[in-house]
Asks: 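One structure follows; several queries about it will come next.
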Amino acid sequence: EIKQQEHMLTRASTHLRVSSLVARNQIIWQSKRYIHLWQQSDIYSTDKHQSEDYTRGLYHGSSYDVAIVGGGIIGMATARELLHRHPELTVTVLEKERELAAHQSGHNSGVIHAGIYYKPGSQMAHTCVRGAKLMYEYCEERKLPVERCGKLIVAVDEKEHAIVERLFKTATANGVQGLEILDGSQVKKMEPNIKVYSALWSPNTGIVDYSIVTQSLADEILQSGRGDIRLAFEAKKFEKTSDGVMIIGGEPTMEGPKLSIKAKYVITCAGFYSDRVAELTGGVRSLARIVTFRGSYYQMKEQYRGIVKTNVYPVPSGGGIPVGIHFTPTVNTRRGRQTIVGPGACLTFSREGYRFFDFKFKDVWDSITNMHFWSFFIKNPSLSIGELYKDLNKKAFLDSARKYCPDLKEEMVEESFAGVMSQVFNTGGNAASDYIFERKVMEGRVLNLRNAPSPAATGSLAIAEILANIAEEDFDIKSAVAVSN
């Protein structure tokens, strides 16, 4: 099975290199030096010269029908959805970083969620269930690495078993298929190293590499002939014009040169900068203020990777932030096939705080002046102070997993990567339980996606459908024709 997965990863990487080469060979401006360096790259997504190539998309102008701010998986999926629906539309994607999926989309557990946790009738529930279906279909169609390995949500005692039963009812209401409640002996037969009271078994939960999915979406955008992608373009100002929006920006941390593009309409999907970017467009700052949390991971050393065969999660701890430290097998093209343990949920001191001591005053100030966050902090001390301690203490971190995998030892793991997730808190300190769309900003020219935490990667293709639907309602998409250069 492992050999089959390794073969799938190799095939996927080859597929992306070949399809990307097809797109790039159609780009007028090319440099043999860049092509040579790119061909030497093992992994397409880490190509150091992505920015030069992507900014030379098959359609390259200064005016577009739609500009999408944010090159994560939702932004790319939305661009693809619009291009598929409207054959005359031109679209550009603006990304602050020098690679796509640089943050949340590329640094996560890689799980395709089934739709178990989310309130029935919510957009989060709908997009998770539909998005999982679309994600499996997309990966199979594009020959990307994906595995429907299943998931156990485990209860260590009778009290937690009540949560398992509640999750079963919620997931069933959401339309999740194939669920079973297992007792401890059934779990042990499935996963000998897991010792629990009971578990909810979800056979349709899976694993994927969302970073490579994002790259595949990028290929489609470029090959459409009507889309381009501009990396290292940080949107810093939005100005309304007589027929659209002027977006002014530049390379991050640089004073110049100043860059600008025009678009009839704008959709922002800016991840953990979504509140700031939305405010630049004229959005309401207080609608959804972002607080970021770091999730650190360990990974099993090679000889211990078989400790589990499936995803193993604890029951949710409450507070609306983490689902708890869990085991996940991976099919990640960048990091290889691993079994990861994590993540934590430690408050960051920088929105790009991938390390504990990363610090940016503006980001800290935004958090400490957010009264909704303080309400959360006071109500959930174990998720605030406790997670800070756990992030610094390996033993405390692994103790969370040892509650249901008692044979896990510190010498069996090694450090792995970290991710940062964004979260919005409502009045009373409750984590927002659904996506937040801010519509008809800048006199109807701008649509802002203000909150998209997990399971947004799973639901990305379905979220793109919702954003495209809203765009068709709010924008004059069907008659939009980009002004030529």
Side-chain angles (χ1 to χ4, degrees), residues 69-70 72 74 96 103-104 117-119 122-124 235-236 238 268-296 316-324 343-392 418-442 446-456:
V69 179
I74 296 178
K96 177 175 77 75
H103 295 297
Q104 294 181 101
Y117 305 101
Y118 317 109
K119 182 180 179 181
S122 66
Q123 291 174 321
M124 197 170 277
K236 300 178 180 179
F238 295 78
T268 71
C269 310
F272 42 65
Y273 292 103
S274 60
D275 54 346
R276 293 178 186 171
V277 171
E279 189 176 7
L280 291 174
T281 69
V284 179
R285 172 178 168 80
S286 60
L287 176 64
R289 294 179 63 182
I290 293 294
V291 178
T292 51
F293 295 81
R294 178 178 54 263
S296 299
S317 56
I321 297 295
V323 290
C346 176
L347 177 69
T348 69
F349 307 118
S350 166
R351 291 203 180 182
E352 297 179 26
Y354 291 95
R355 297 168 298 183
F356 186 90
F357 292 105
D358 288 344
F359 182 88
K360 191 171 182 180
F361 179 79
K362 181 179 181 180
D363 297 342
V364 173
W365 181 256
D366 272 359
S367 293
I368 65 176
T369 57
N370 183 341
M371 293 301 103
H372 298 332
F373 165 69
W374 279 111
S375 297
F376 164 81
F377 189 93
I378 293 167
K379 286 170 59 177
N380 300 278
S382 64
L383 293 182
S384 45
I385 302 297
E387 288 293 328
L388 287 168
Y389 173 69
K390 200 157 54 178
D391 198 65
L392 292 170
V420 176
M421 68 172 184
S422 64
Q423 185 61 61
V424 169
F425 294 101
N426 294 326
T427 303
N430 298 313
S433 59
D434 213 345
Y435 305 124
I436 299 173
F437 303 94
E438 187 178 31
R439 301 174 62 169
K440 297 185 178 180
V441 179
M442 197 174 279
V446 178
L447 165 61
N448 294 318
L449 176 59
R450 296 292 300 266
N451 181 55
S454 180

Asks: Are side-chain heavy atoms of Ser433 and Met124 found at a separation under 4.5 Å?
Replies: no
Asks: Angle between ring planes, Phe437 versus Tyr435, binned at 30° and 60°: parallel, tilted or perpendicular?
Replies: perpendicular
Asks: How many angstroms lie between atom CD of Glu438 and atom CG of Leu447, to the nearest 0.5 angstrom?
Replies: 9.0 Å
Asks: Measure the spacing between CD1 of Ile368 and CZ of Phe377 and express it to the nearest 0.5 Å.
Replies: 11.5 Å
Asks: Between CD1 of Ile290 and OG of Ser422, what distance do you get to the nearest 0.5 Å?
Replies: 4.0 Å
Asks: So, Thr369 versus Arg289: side-chain donor-acceptor pair below 3.5 Å or not?
Replies: yes
Asks: So does Glu387 pair up with Lys390, basic N to acidic O under 4.0 Å?
Replies: yes
Asks: Mind checking whether Phe349 and Phe356 have parallel, tilted or perpendicular rings, split at 30° and 60°?
Replies: perpendicular
Asks: I'd like to check Ser375 versus Phe425 (side-chain heavy atoms, cut-off strictly below 4.5 Å). Are they in contact?
Replies: no
Asks: How long is the straight-line distance from NE2 of His103 back to OG1 of Thr292, given to the nearest 0.5 Å?
Replies: 11.0 Å
Asks: Hey, does the side chain of Asp275 reach the backbone of Arg450 with a donor-acceptor pair shorter than 3.5 angstrom?
Replies: no
Asks: Less than 4.0 angstrom from a charged side-chain N to a carboxylate O is my criterion; do Asp391 and Arg294 meet it?
Replies: yes
Asks: Please round to the nearest 0.5 Å and tell me the distance separating atom SG of Cys269 and atom CG of Leu449.
Replies: 5.0 Å
Asks: Where do Val441 and Gly283 come nearest, in terms of heavy atoms and distance?
Replies: CG1-N, 3.7 Å
Asks: Can you tell me if Phe359 has over 12 outside heavy atoms packed within less than 6.0 Å of its CZ?
Replies: yes
Asks: Looking only at side chains, do Tyr273 and Glu352 share a donor and an acceptor under 3.5 Å apart?
Replies: yes
Asks: Closer than 4.0 angstrom, basic N to acidic O: yes or no for Arg285 and Asp366?
Replies: yes
Asks: Parallel, tilted or perpendicular for Phe293 and Phe376, by the 30°/60° rule?
Replies: perpendicular
Asks: Indicate yes or no: at least one non-hydrogen side-chain atom of Pro316 is less than 4.5 angstrom from one of Tyr117.
Replies: yes
Asks: Hey, mind stepping through Arg276 and Lys362 against side chain to side chain contact (heavy atoms under 4.5 Å, CB included) and telling me if it holds?
Replies: CA-CA 11 Å; Arg276 293 178 186 171; Lys362 181 179 181 180; 3.8 Å; yes
Asks: How far apart are the C-alpha atoms of Tyr354 and Val420, what are their side-chain angles, what is the distance that settles it, and do they pass the side chain to side chain contact (heavy atoms under 4.5 Å, CB included) test?
Replies: CA-CA 7 Å; Tyr354 291 95; Val420 176; 3.8 Å; yes
Asks: Are any non-hydrogen side-chain atoms of Val291 and Asn370 less than 4.5 angstrom apart?
Replies: yes
Asks: Would you sort out whether Thr281 and Asn448 count as a side chain to side chain donor-acceptor pair (under 3.5 Å), showing the intermediate values?
Replies: CA-CA 9 Å; Thr281 69; Asn448 294 318; 3.1 Å; yes
Asks: To the closest 0.5 Å, what do you measure between CD (Glu279) and OG1 (Thr268)?
Replies: 12.0 Å
Asks: Show the nearest heavy-atom pair for residues Ile436 and Ala288, with the distance to one decimal.
Replies: CD1-CB, 4.0 Å
Asks: Please check: side-chain N/O of Lys379 versus main-chain N/O of Asn430, any donor-acceptor pairing under 3.5 Å?
Replies: no
Asks: How about Ser274 and Asn451: do any of their side-chain heavy atoms sit closer than 4.5 Å?
Replies: no
Asks: Around Arg439, counting heavy atoms of other residues, nucleotides and ligands shown, do more than 12 lie under 6.0 Å from its CZ?
Replies: yes
Asks: Report yes if some heavy atom in the side chain of Tyr118 is under 4.5 Å from a heavy atom in the side chain of Asp434; otherwise report no.
Replies: no
Asks: Using a 3.5 Å distance criterion without hydrogens, assess whether the side chain of Asp358 forms a donor-acceptor pair with backbone atoms of Ser350.
Replies: no
Asks: Is there side-chain contact between Lys360 and Arg351, with heavy atoms separated by less than 4.5 Å?
Replies: no
